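Just so we're on the same page: letters track the sequence lines, and every chain starts at 1. Please read these numbers as outputs of a predicted model, since none were measured by experiment. All values below were derived from every heavy atom in this structure, side-chain atoms included, with hydrogens, water molecules and symmetry-related copies excluded.
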Number of protein chains: 2
Amino acid sequence: MLSHTEENYLKALLKLSFESKSEEAGTNELAANLAVKPATATDMLKKLKEKGLVDYEKYGKISLTAVGKTSAIDIVRKHRLWETFLYSTLEFTWDEVHEVAEQLEHIQSAKLIDKLDKFLNYPQFDPHGDPIPNQKGEIKTQFKKTLAEIAAGKACRMVAVKDNSKSFLQYVVKVGLGLHHDIKVLTRQEYDALMEIKVNGIKSSITQKFAENIYVVCSNCAAGKPCTETIDCKQ
Amino acid sequence: MLSHTEENYLKALLKLSFESKSEEAGTNELAANLAVKPATATDMLKKLKEKGLVDYEKYGKISLTAVGKTSAIDIVRKHRLWETFLYSTLEFTWDEVHEVAEQLEHIQSAKLIDKLDKFLNYPQFDPHGDPIPNQKGEIKTQFKKTLAEIAAGKACRMVAVKDNSKSFLQYVVKVGLGLHHDIKVLTRQEYDALMEIKVNGIKSSITQKFAENIYVVCSNCAAGKPCTETIDCKQ
DNA sequence: AAAATTTGTTAGACTAGTCTAACTTTAATA
DNA sequence: TATTAAAGTTAGACTAGTCTAACAAATTTT
(Lines give C-alpha, C1' and ligand atoms only; values in the text may rest on other atoms or scores of the structure.)
Protein backbone atom coordinates (compact mmCIF):
# COMPACT_ATOMS: atom_id res chain seq x y z
CA MET A 1 0.00 0.00 0.00
CA LEU A 2 1.36 3.36 -1.02
CA SER A 3 0.96 6.58 0.94
CA HIS A 4 -0.48 9.67 -0.70
CA THR A 5 2.98 11.15 -0.76
CA GLU A 6 4.55 8.13 -2.40
CA GLU A 7 1.80 8.16 -5.01
CA ASN A 8 2.52 11.79 -5.77
CA TYR A 9 6.19 11.06 -6.31
CA LEU A 10 5.41 8.22 -8.71
CA LYS A 11 2.95 10.37 -10.61
CA ALA A 12 5.49 13.18 -10.91
CA LEU A 13 8.12 10.75 -12.20
CA LEU A 14 5.72 9.42 -14.81
CA LYS A 15 4.92 12.94 -15.90
CA LEU A 16 8.60 13.79 -16.21
CA SER A 17 9.25 10.62 -18.18
CA PHE A 18 6.68 11.76 -20.74
CA GLU A 19 8.08 15.26 -20.92
CA SER A 20 11.73 14.40 -21.51
CA LYS A 21 12.13 11.71 -24.14
CA SER A 22 14.93 10.03 -22.17
CA GLU A 23 12.37 8.72 -19.64
CA GLU A 24 14.76 9.85 -16.92
CA ALA A 25 14.55 12.65 -14.44
CA GLY A 26 16.79 14.50 -12.02
CA THR A 27 16.31 15.12 -8.31
CA ASN A 28 15.90 18.89 -8.62
CA GLU A 29 13.45 18.54 -11.43
CA LEU A 30 11.40 16.06 -9.43
CA ALA A 31 11.53 18.20 -6.31
CA ALA A 32 10.42 21.29 -8.24
CA ASN A 33 7.50 19.35 -9.66
CA LEU A 34 6.33 18.35 -6.21
CA ALA A 35 7.06 21.69 -4.60
CA VAL A 36 9.48 20.18 -2.10
CA LYS A 37 13.19 20.73 -1.54
CA PRO A 38 15.70 18.48 -3.33
CA ALA A 39 16.84 17.07 0.00
CA THR A 40 13.31 15.82 0.62
CA ALA A 41 13.17 14.21 -2.79
CA THR A 42 16.46 12.42 -2.16
CA ASP A 43 15.06 10.88 1.01
CA MET A 44 11.92 9.71 -0.72
CA LEU A 45 13.88 8.30 -3.65
CA LYS A 46 15.81 6.06 -1.28
CA LYS A 47 12.53 4.83 0.11
CA LEU A 48 10.97 4.24 -3.32
CA LYS A 49 14.10 2.43 -4.45
CA GLU A 50 13.90 0.23 -1.35
CA LYS A 51 10.32 -0.60 -2.31
CA GLY A 52 11.36 -1.48 -5.86
CA LEU A 53 9.40 1.34 -7.46
CA VAL A 54 12.24 3.39 -8.96
CA ASP A 55 15.65 2.75 -10.47
CA TYR A 56 18.04 5.15 -8.85
CA GLU A 57 21.70 5.40 -7.89
CA LYS A 58 23.30 8.20 -5.92
CA TYR A 59 23.94 11.19 -8.18
CA GLY A 60 22.37 9.28 -11.05
CA LYS A 61 19.24 9.72 -13.13
CA ILE A 62 15.88 8.46 -11.90
CA SER A 63 13.38 6.24 -13.69
CA LEU A 64 10.36 4.18 -12.73
CA THR A 65 10.59 0.40 -12.56
CA ALA A 66 7.88 -1.62 -14.30
CA VAL A 67 6.05 -1.93 -11.00
CA GLY A 68 6.44 1.77 -10.29
CA LYS A 69 5.17 2.67 -13.71
CA THR A 70 2.11 0.47 -13.34
CA SER A 71 1.27 2.15 -10.05
CA ALA A 72 1.82 5.59 -11.53
CA ILE A 73 -0.42 4.86 -14.50
CA ASP A 74 -3.10 3.61 -12.15
CA ILE A 75 -3.03 6.93 -10.33
CA VAL A 76 -3.23 8.83 -13.60
CA ARG A 77 -6.19 6.67 -14.59
CA LYS A 78 -7.98 7.58 -11.39
CA HIS A 79 -7.14 11.23 -11.76
CA ARG A 80 -8.48 11.47 -15.29
CA LEU A 81 -11.61 9.46 -14.59
CA TRP A 82 -12.42 11.69 -11.64
CA GLU A 83 -11.82 14.78 -13.77
CA THR A 84 -14.23 13.39 -16.32
CA PHE A 85 -16.80 12.70 -13.62
CA LEU A 86 -16.51 16.18 -12.17
CA TYR A 87 -16.79 17.80 -15.57
CA SER A 88 -19.40 15.62 -17.26
CA THR A 89 -21.56 14.51 -14.38
CA LEU A 90 -21.25 17.21 -11.75
CA GLU A 91 -20.85 20.09 -14.19
CA PHE A 92 -17.65 21.49 -12.82
CA THR A 93 -15.94 23.92 -15.14
CA TRP A 94 -12.77 23.09 -17.01
CA ASP A 95 -10.48 24.92 -14.64
CA GLU A 96 -11.98 23.50 -11.44
CA VAL A 97 -11.56 19.78 -11.96
CA HIS A 98 -7.83 19.38 -11.54
CA GLU A 99 -7.40 20.34 -7.91
CA VAL A 100 -10.31 18.23 -6.67
CA ALA A 101 -9.11 15.27 -8.76
CA GLU A 102 -5.71 15.65 -7.07
CA GLN A 103 -7.45 14.59 -3.89
CA LEU A 104 -9.81 12.01 -5.34
CA GLU A 105 -7.03 10.14 -7.14
CA HIS A 106 -5.75 8.85 -3.80
CA ILE A 107 -8.94 7.04 -2.81
CA GLN A 108 -8.11 3.35 -2.48
CA SER A 109 -10.75 1.18 -4.07
CA ALA A 110 -10.29 -0.68 -7.31
CA LYS A 111 -14.02 -1.33 -7.41
CA LEU A 112 -14.79 2.36 -7.16
CA ILE A 113 -12.69 3.18 -10.19
CA ASP A 114 -14.06 0.35 -12.27
CA LYS A 115 -17.64 1.29 -11.39
CA LEU A 116 -16.92 4.92 -12.13
CA ASP A 117 -15.38 3.98 -15.47
CA LYS A 118 -18.51 2.00 -16.32
CA PHE A 119 -20.83 4.77 -15.15
CA LEU A 120 -19.01 7.26 -17.38
CA ASN A 121 -19.25 4.76 -20.22
CA TYR A 122 -15.53 4.07 -20.53
CA PRO A 123 -14.35 7.52 -21.63
CA GLN A 124 -11.12 7.65 -23.64
CA PHE A 125 -10.12 11.23 -22.93
CA ASP A 126 -10.44 13.53 -19.94
CA PRO A 127 -11.75 17.12 -20.08
CA HIS A 128 -8.26 18.38 -20.94
CA GLY A 129 -7.93 16.00 -23.88
CA ASP A 130 -5.50 13.68 -22.11
CA PRO A 131 -5.96 9.95 -22.73
CA ILE A 132 -7.40 7.90 -19.87
CA PRO A 133 -5.41 4.69 -19.32
CA ASN A 134 -7.64 1.61 -19.50
CA GLN A 135 -7.94 -1.05 -16.80
CA LYS A 136 -4.84 -2.80 -18.16
CA GLY A 137 -2.80 0.39 -17.95
CA GLU A 138 -2.69 0.90 -21.69
CA ILE A 139 -2.56 4.52 -22.78
CA LYS A 140 -3.74 5.62 -26.18
CA THR A 141 -0.95 7.79 -27.56
CA GLN A 142 -2.02 10.54 -29.87
CA PHE A 143 0.20 12.22 -32.40
CA LYS A 144 -0.14 15.92 -31.78
CA LYS A 145 1.71 19.18 -32.14
CA THR A 146 1.57 22.36 -30.16
CA LEU A 147 -0.13 25.35 -31.67
CA ALA A 148 3.25 27.11 -31.55
CA GLU A 149 4.50 24.76 -34.25
CA ILE A 150 1.79 25.57 -36.75
CA ALA A 151 2.82 27.81 -39.62
CA ALA A 152 0.93 30.91 -40.71
CA GLY A 153 -1.84 30.10 -43.13
CA LYS A 154 -2.41 26.60 -41.78
CA ALA A 155 -5.53 25.35 -40.04
CA CYS A 156 -5.75 22.85 -37.19
CA ARG A 157 -8.06 21.60 -34.48
CA MET A 158 -7.44 21.82 -30.73
CA VAL A 159 -7.38 18.39 -29.07
CA ALA A 160 -5.76 18.92 -25.68
CA VAL A 161 -4.00 21.29 -23.30
CA LYS A 162 -0.58 20.83 -21.75
CA ASP A 163 -1.04 23.10 -18.75
CA ASN A 164 -3.88 22.21 -16.38
CA SER A 165 -3.60 25.27 -14.18
CA LYS A 166 -6.63 27.40 -13.40
CA SER A 167 -5.13 30.58 -14.80
CA PHE A 168 -4.16 29.02 -18.10
CA LEU A 169 -7.49 27.28 -18.61
CA GLN A 170 -9.47 30.39 -17.78
CA TYR A 171 -7.38 32.29 -20.33
CA VAL A 172 -8.06 29.63 -22.96
CA VAL A 173 -11.79 30.15 -22.50
CA LYS A 174 -11.36 33.92 -22.61
CA VAL A 175 -9.67 33.68 -25.99
CA GLY A 176 -12.66 31.72 -27.27
CA LEU A 177 -10.74 28.46 -27.45
CA GLY A 178 -11.73 25.04 -26.21
CA LEU A 179 -11.34 21.36 -27.05
CA HIS A 180 -12.38 20.43 -30.62
CA HIS A 181 -12.38 24.01 -31.81
CA ASP A 182 -10.95 24.75 -35.26
CA ILE A 183 -8.12 27.24 -35.34
CA LYS A 184 -6.74 29.14 -38.28
CA VAL A 185 -3.27 30.60 -37.90
CA LEU A 186 -3.37 33.95 -39.64
CA THR A 187 0.05 35.46 -38.98
CA ARG A 188 3.16 34.73 -37.03
CA GLN A 189 5.90 37.22 -36.10
CA GLU A 190 9.45 36.22 -36.84
CA TYR A 191 10.83 38.20 -33.90
CA ASP A 192 8.85 36.85 -30.93
CA ALA A 193 6.56 34.22 -32.46
CA LEU A 194 3.44 36.23 -31.57
CA MET A 195 0.58 34.63 -33.52
CA GLU A 196 -2.69 35.90 -34.73
CA ILE A 197 -5.34 33.19 -34.81
CA LYS A 198 -8.99 32.97 -35.71
CA VAL A 199 -11.43 30.80 -33.76
CA ASN A 200 -15.17 30.78 -34.46
CA GLY A 201 -14.73 33.92 -36.50
CA ILE A 202 -12.94 35.76 -33.69
CA LYS A 203 -9.33 36.91 -34.03
CA SER A 204 -6.90 36.84 -31.11
CA SER A 205 -3.22 37.48 -30.59
CA ILE A 206 -1.46 34.79 -28.60
CA THR A 207 2.09 34.51 -27.31
CA GLN A 208 4.43 31.60 -27.88
CA LYS A 209 4.21 30.65 -24.21
CA PHE A 210 0.46 30.32 -24.55
CA ALA A 211 0.59 28.51 -27.91
CA GLU A 212 3.02 25.93 -26.55
CA ASN A 213 0.35 24.75 -24.14
CA ILE A 214 -2.30 24.10 -26.78
CA TYR A 215 -2.19 20.74 -28.54
CA VAL A 216 -3.58 20.46 -32.06
CA VAL A 217 -3.85 18.06 -35.00
CA CYS A 218 -5.26 18.50 -38.48
CA SER A 219 -9.03 18.36 -38.67
CA ASN A 220 -8.93 15.01 -40.45
CA CYS A 221 -6.83 13.37 -37.75
CA ALA A 222 -9.12 14.88 -35.13
CA ALA A 223 -12.09 13.28 -36.86
CA GLY A 224 -10.36 9.91 -37.12
CA LYS A 225 -9.94 10.13 -40.89
CA PRO A 226 -6.67 9.67 -42.77
CA CYS A 227 -4.24 12.46 -42.02
CA THR A 228 -3.99 15.16 -44.67
CA GLU A 229 -0.63 16.06 -43.23
CA THR A 230 -0.89 19.68 -44.20
CA ILE A 231 0.46 20.36 -40.75
CA ASP A 232 2.46 17.14 -40.45
CA CYS A 233 0.42 15.78 -37.51
CA LYS A 234 2.39 12.57 -37.30
CA GLN A 235 5.92 13.92 -37.15
CA MET B 1 -8.16 23.49 7.77
CA LEU B 2 -8.52 20.19 9.58
CA SER B 3 -6.36 17.13 9.03
CA HIS B 4 -7.97 13.78 8.23
CA THR B 5 -7.10 12.68 11.73
CA GLU B 6 -8.67 15.69 13.37
CA GLU B 7 -11.79 15.17 11.30
CA ASN B 8 -11.99 11.57 12.46
CA TYR B 9 -11.79 12.64 16.09
CA LEU B 10 -14.59 15.15 15.64
CA LYS B 11 -16.74 12.62 13.86
CA ALA B 12 -16.18 10.08 16.62
CA LEU B 13 -17.11 12.64 19.27
CA LEU B 14 -20.31 13.50 17.43
CA LYS B 15 -21.17 9.83 17.19
CA LEU B 16 -20.56 9.35 20.91
CA SER B 17 -22.69 12.39 21.72
CA PHE B 18 -25.61 10.77 19.89
CA GLU B 19 -25.12 7.43 21.58
CA SER B 20 -24.99 8.63 25.17
CA LYS B 21 -27.75 11.09 25.93
CA SER B 22 -25.39 13.21 28.04
CA GLU B 23 -23.61 14.47 24.89
CA GLU B 24 -20.33 13.82 26.71
CA ALA B 25 -17.67 11.22 26.18
CA GLY B 26 -14.64 9.82 27.98
CA THR B 27 -11.10 9.49 26.71
CA ASN B 28 -11.08 5.68 26.68
CA GLU B 29 -14.41 5.55 24.91
CA LEU B 30 -13.16 7.95 22.26
CA ALA B 31 -9.89 6.09 21.85
CA ALA B 32 -11.68 2.76 21.48
CA ASN B 33 -13.90 4.26 18.80
CA LEU B 34 -10.92 5.41 16.80
CA ALA B 35 -8.84 2.30 17.42
CA VAL B 36 -6.05 4.26 19.09
CA LYS B 37 -4.64 4.14 22.62
CA PRO B 38 -6.06 6.48 25.27
CA ALA B 39 -2.71 8.28 25.47
CA THR B 40 -3.02 9.21 21.82
CA ALA B 41 -6.52 10.52 22.32
CA THR B 42 -5.39 12.68 25.23
CA ASP B 43 -2.76 14.33 23.00
CA MET B 44 -5.25 15.03 20.27
CA LEU B 45 -7.81 16.37 22.72
CA LYS B 46 -5.34 18.99 23.87
CA LYS B 47 -4.83 20.00 20.28
CA LEU B 48 -8.55 20.12 19.49
CA LYS B 49 -9.16 22.16 22.63
CA GLU B 50 -6.43 24.57 21.56
CA LYS B 51 -8.22 24.95 18.24
CA GLY B 52 -11.53 25.63 19.96
CA LEU B 53 -13.22 22.49 18.68
CA VAL B 54 -13.84 20.63 21.94
CA ASP B 55 -14.63 21.48 25.52
CA TYR B 56 -12.28 19.48 27.66
CA GLU B 57 -10.52 19.70 31.01
CA LYS B 58 -7.96 17.26 32.33
CA TYR B 59 -9.69 14.17 33.75
CA GLY B 60 -13.03 15.67 32.70
CA LYS B 61 -15.68 14.74 30.19
CA ILE B 62 -15.36 15.73 26.54
CA SER B 63 -17.88 17.52 24.33
CA LEU B 64 -17.82 19.34 21.02
CA THR B 65 -18.01 23.13 20.91
CA ALA B 66 -20.51 24.70 18.52
CA VAL B 67 -17.73 25.09 15.95
CA GLY B 68 -16.56 21.52 16.47
CA LYS B 69 -20.09 20.20 16.10
CA THR B 70 -20.62 22.11 12.88
CA SER B 71 -17.44 20.63 11.44
CA ALA B 72 -18.39 17.16 12.58
CA ILE B 73 -21.84 17.39 11.03
CA ASP B 74 -20.28 18.56 7.80
CA ILE B 75 -18.14 15.43 7.72
CA VAL B 76 -21.16 13.24 8.42
CA ARG B 77 -23.00 15.00 5.60
CA LYS B 78 -20.18 14.19 3.22
CA HIS B 79 -19.98 10.61 4.40
CA ARG B 80 -23.68 9.95 3.92
CA LEU B 81 -23.89 11.69 0.56
CA TRP B 82 -20.96 9.63 -0.70
CA GLU B 83 -22.59 6.46 0.60
CA THR B 84 -25.73 7.37 -1.26
CA PHE B 85 -23.75 8.04 -4.43
CA LEU B 86 -21.90 4.73 -4.19
CA TYR B 87 -25.10 2.81 -3.57
CA SER B 88 -27.54 4.55 -5.89
CA THR B 89 -25.32 5.68 -8.72
CA LEU B 90 -22.42 3.25 -8.80
CA GLU B 91 -24.40 0.24 -7.63
CA PHE B 92 -22.22 -0.70 -4.71
CA THR B 93 -23.86 -3.13 -2.32
CA TRP B 94 -25.06 -2.15 1.10
CA ASP B 95 -22.09 -3.53 2.93
CA GLU B 96 -19.45 -2.01 0.64
CA VAL B 97 -20.25 1.67 0.86
CA HIS B 98 -19.07 2.50 4.35
CA GLU B 99 -15.35 1.91 4.02
CA VAL B 100 -15.00 3.79 0.76
CA ALA B 101 -17.07 6.66 2.15
CA GLU B 102 -14.66 6.79 5.09
CA GLN B 103 -12.05 7.92 2.60
CA LEU B 104 -14.25 10.12 0.43
CA GLU B 105 -15.59 12.10 3.38
CA HIS B 106 -12.20 13.80 3.76
CA ILE B 107 -12.12 15.34 0.29
CA GLN B 108 -12.01 19.10 0.72
CA SER B 109 -14.35 20.86 -1.67
CA ALA B 110 -17.60 22.48 -0.64
CA LYS B 111 -18.55 22.73 -4.28
CA LEU B 112 -18.08 19.01 -4.78
CA ILE B 113 -20.50 18.17 -2.00
CA ASP B 114 -23.12 20.66 -3.10
CA LYS B 115 -22.93 19.43 -6.69
CA LEU B 116 -23.12 15.84 -5.52
CA ASP B 117 -26.12 16.65 -3.36
CA LYS B 118 -27.83 18.23 -6.35
CA PHE B 119 -26.91 15.34 -8.64
CA LEU B 120 -28.41 12.88 -6.16
CA ASN B 121 -31.51 15.09 -5.96
CA TYR B 122 -31.06 16.12 -2.33
CA PRO B 123 -31.52 12.75 -0.66
CA GLN B 124 -32.75 12.76 2.93
CA PHE B 125 -31.47 9.37 4.03
CA ASP B 126 -28.38 7.33 3.24
CA PRO B 127 -28.44 3.61 2.30
CA HIS B 128 -28.40 2.66 5.98
CA GLY B 129 -31.42 4.78 6.79
CA ASP B 130 -29.41 7.50 8.53
CA PRO B 131 -30.51 11.08 7.92
CA ILE B 132 -28.27 13.22 5.72
CA PRO B 133 -27.64 16.66 7.27
CA ASN B 134 -28.62 19.47 4.90
CA GLN B 135 -26.34 22.28 3.78
CA LYS B 136 -27.16 24.24 6.94
CA GLY B 137 -26.18 21.30 9.12
CA GLU B 138 -29.75 20.49 10.14
CA ILE B 139 -30.39 16.83 10.81
CA LYS B 140 -33.83 15.33 10.50
CA THR B 141 -34.36 13.35 13.70
CA GLN B 142 -36.57 10.29 13.41
CA PHE B 143 -38.35 8.64 16.26
CA LYS B 144 -37.45 4.99 16.10
CA LYS B 145 -37.09 1.90 18.24
CA THR B 146 -34.85 -1.09 17.93
CA LEU B 147 -36.39 -4.35 16.84
CA ALA B 148 -35.33 -5.74 20.22
CA GLU B 149 -37.95 -3.50 21.86
CA ILE B 150 -40.89 -4.81 19.85
CA ALA B 151 -43.23 -7.16 21.68
CA ALA B 152 -44.36 -10.52 20.31
CA GLY B 153 -47.37 -10.20 18.08
CA LYS B 154 -46.56 -6.67 16.96
CA ALA B 155 -45.66 -5.58 13.44
CA CYS B 156 -43.20 -2.90 12.39
CA ARG B 157 -41.19 -1.64 9.47
CA MET B 158 -37.40 -1.49 9.26
CA VAL B 159 -36.12 2.04 8.67
CA ALA B 160 -32.41 1.97 9.52
CA VAL B 161 -29.50 0.00 10.89
CA LYS B 162 -27.31 0.92 13.82
CA ASP B 163 -24.24 -1.11 12.89
CA ASN B 164 -22.62 -0.32 9.53
CA SER B 165 -20.10 -3.15 9.56
CA LYS B 166 -19.78 -5.49 6.61
CA SER B 167 -20.48 -8.61 8.63
CA PHE B 168 -23.67 -7.24 10.17
CA LEU B 169 -25.04 -5.89 6.91
CA GLN B 170 -24.35 -9.12 5.07
CA TYR B 171 -26.18 -10.99 7.81
CA VAL B 172 -29.15 -8.66 7.53
CA VAL B 173 -29.45 -9.50 3.85
CA LYS B 174 -29.07 -13.19 4.58
CA VAL B 175 -32.02 -13.09 6.97
CA GLY B 176 -34.11 -11.54 4.19
CA LEU B 177 -34.22 -8.15 5.84
CA GLY B 178 -33.58 -4.73 4.33
CA LEU B 179 -34.70 -1.11 4.58
CA HIS B 180 -38.47 -0.59 4.32
CA HIS B 181 -39.26 -4.26 4.87
CA ASP B 182 -42.22 -5.15 7.06
CA ILE B 183 -41.44 -7.32 10.04
CA LYS B 184 -43.82 -9.32 12.18
CA VAL B 185 -42.55 -10.40 15.59
CA LEU B 186 -43.93 -13.87 16.15
CA THR B 187 -42.39 -14.97 19.44
CA ARG B 188 -39.92 -13.75 21.98
CA GLN B 189 -38.18 -15.89 24.62
CA GLU B 190 -38.24 -14.62 28.17
CA TYR B 191 -34.88 -16.19 29.01
CA ASP B 192 -32.55 -14.81 26.32
CA ALA B 193 -34.79 -12.55 24.21
CA LEU B 194 -34.40 -14.77 21.16
CA MET B 195 -37.04 -13.64 18.69
CA GLU B 196 -38.81 -15.32 15.87
CA ILE B 197 -39.72 -12.89 13.09
CA LYS B 198 -41.42 -13.12 9.72
CA VAL B 199 -40.25 -11.06 6.76
CA ASN B 200 -41.73 -11.47 3.27
CA GLY B 201 -43.29 -14.71 4.40
CA ILE B 202 -39.99 -16.13 5.67
CA LYS B 203 -39.44 -16.95 9.33
CA SER B 204 -36.08 -16.38 11.05
CA SER B 205 -34.72 -16.59 14.58
CA ILE B 206 -32.71 -13.60 15.62
CA THR B 207 -30.71 -12.85 18.76
CA GLN B 208 -31.06 -9.78 20.91
CA LYS B 209 -27.64 -8.56 19.82
CA PHE B 210 -28.81 -8.61 16.22
CA ALA B 211 -32.24 -7.10 16.95
CA GLU B 212 -30.66 -4.18 18.80
CA ASN B 213 -29.02 -3.07 15.58
CA ILE B 214 -32.22 -2.91 13.56
CA TYR B 215 -34.27 0.28 13.78
CA VAL B 216 -38.01 0.13 13.20
CA VAL B 217 -41.17 2.24 13.39
CA CYS B 218 -44.81 1.36 12.83
CA SER B 219 -45.81 1.12 9.18
CA ASN B 220 -47.86 4.30 9.40
CA CYS B 221 -44.95 6.35 10.72
CA ALA B 222 -42.75 4.85 8.04
CA ALA B 223 -45.23 6.01 5.41
CA GLY B 224 -45.46 9.49 6.88
CA LYS B 225 -49.00 9.00 8.16
CA PRO B 226 -50.19 9.63 11.74
CA CYS B 227 -48.65 7.14 14.13
CA THR B 228 -50.87 4.27 15.15
CA GLU B 229 -48.69 3.83 18.20
CA THR B 230 -49.32 0.12 18.42
CA ILE B 231 -45.60 -0.14 19.02
CA ASP B 232 -45.22 3.29 20.64
CA CYS B 233 -42.92 4.70 17.93
CA LYS B 234 -42.61 8.08 19.55
CA GLN B 235 -41.69 7.10 23.07
C1' DA C 1 42.51 21.25 -17.51
C1' DA C 2 41.25 24.32 -13.84
C1' DA C 3 37.66 27.03 -12.07
C1' DA C 4 33.04 27.95 -11.54
C1' DT C 5 28.45 26.57 -11.55
C1' DT C 6 24.89 23.40 -11.14
C1' DT C 7 23.12 19.36 -9.21
C1' DG C 8 22.48 16.26 -5.68
C1' DT C 9 23.44 14.30 -0.81
C1' DT C 10 24.10 14.20 4.18
C1' DA C 11 23.28 15.60 8.84
C1' DG C 12 20.48 17.37 12.12
C1' DA C 13 16.08 19.35 13.38
C1' DC C 14 11.02 19.86 13.36
C1' DT C 15 5.74 18.46 13.29
C1' DA C 16 1.91 15.23 13.31
C1' DG C 17 0.39 11.20 14.90
C1' DT C 18 1.21 7.14 17.06
C1' DC C 19 2.98 3.84 20.76
C1' DT C 20 4.46 1.77 25.64
C1' DA C 21 5.29 2.17 30.36
C1' DA C 22 4.82 4.53 34.42
C1' DC C 23 2.14 7.48 37.00
C1' DT C 24 -2.08 10.19 38.84
C1' DT C 25 -6.78 11.10 39.53
C1' DT C 26 -11.46 9.70 40.01
C1' DA C 27 -14.91 6.33 40.95
C1' DA C 28 -16.46 2.06 42.97
C1' DT C 29 -16.54 -1.18 46.63
C1' DA C 30 -15.72 -3.66 50.66
C1' DT D 1 -13.62 5.61 54.83
C1' DA D 2 -9.81 3.11 53.16
C1' DT D 3 -8.68 0.29 49.49
C1' DT D 4 -8.98 -1.22 45.01
C1' DA D 5 -10.15 -0.73 40.32
C1' DA D 6 -10.95 2.02 36.40
C1' DA D 7 -10.04 5.98 33.78
C1' DG D 8 -6.99 9.27 32.19
C1' DT D 9 -2.32 11.68 31.79
C1' DT D 10 2.66 12.26 31.24
C1' DA D 11 7.15 11.16 29.54
C1' DG D 12 9.90 9.39 26.23
C1' DA D 13 10.36 7.06 21.86
C1' DC D 14 9.27 6.01 17.02
C1' DT D 15 7.89 6.86 11.81
C1' DA D 16 6.75 9.68 7.81
C1' DG D 17 7.56 13.67 5.63
C1' DT D 18 9.40 17.94 5.62
C1' DC D 19 13.04 21.69 6.22
C1' DT D 20 17.89 24.30 6.39
C1' DA D 21 22.70 24.39 6.12
C1' DA D 22 26.78 22.39 4.89
C1' DC D 23 29.04 19.49 1.88
C1' DA D 24 30.20 16.43 -2.35
C1' DA D 25 29.91 15.16 -7.12
C1' DA D 26 29.13 16.16 -11.84
C1' DT D 27 28.94 19.33 -15.50
C1' DT D 28 29.92 23.46 -17.90
C1' DT D 29 32.68 27.29 -19.01
C1' DT D 30 36.63 29.71 -19.71
Close side-chain approach of B:Thr141 to B:Pro131, heavy-atom, < 4.5 Å: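 The answer is no; the side chains never approach within 4.5 Å.
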Under-4.0 Å side-chain N/O to phosphate OP1/OP2 contact, B:Tyr9 with C:dA16: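 The answer is no; no side-chain N or O of B:Tyr9 sits under 4.0 Å from OP1 or OP2.
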Salt bridge present between A:Lys15 and A:Glu29 (N-O < 4.0 angstrom):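 Judged by the 4.0 Å cut-off on N to carboxylate O distance, A:Lys15 and A:Glu29 do not form a salt bridge.
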A:Glu96/A:Lys166 salt bridge by N-O under 4.0 Å criterion: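 Looking at A:Lys166 and A:Glu96, the cut-off is not met.
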Side-chain donor-acceptor contact under 3.5 Å, B:Asp114 with B:Gln135: yes
More than 12 heavy atoms from other groups under 6.0 Å of CD on A:Glu50: no
How close or far is atom [atom2] of [N] from atom [atom1] of [X], stated in whole angstroms?
X	N	atom1	atom2	answer
B:Leu2	C:dA16	CG	C1'	14 Å
B:Glu7	C:dA16	CD	P	16 Å
A:Met44	C:dG8	CE	C1'	17 Å
A:Ile62	C:dT9	CD1	C1'	12 Å
B:Leu48	C:dA16	CG	C1'	12 Å
A:Lys37	C:dT7	NZ	P	15 Å

Ring-ring centroid check B:Phe85 B:Phe92, cutoff 6.0 Å: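 Ring centroids of B:Phe85 and B:Phe92 are no less than 6.0 Å from each other.
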Reading 5' to 3' through nucleotides 6-12 of chain D, protein heavy-atom contacts under 4.0 Å coded B for base, S for sugar-phosphate only, - for none: -SBBB--
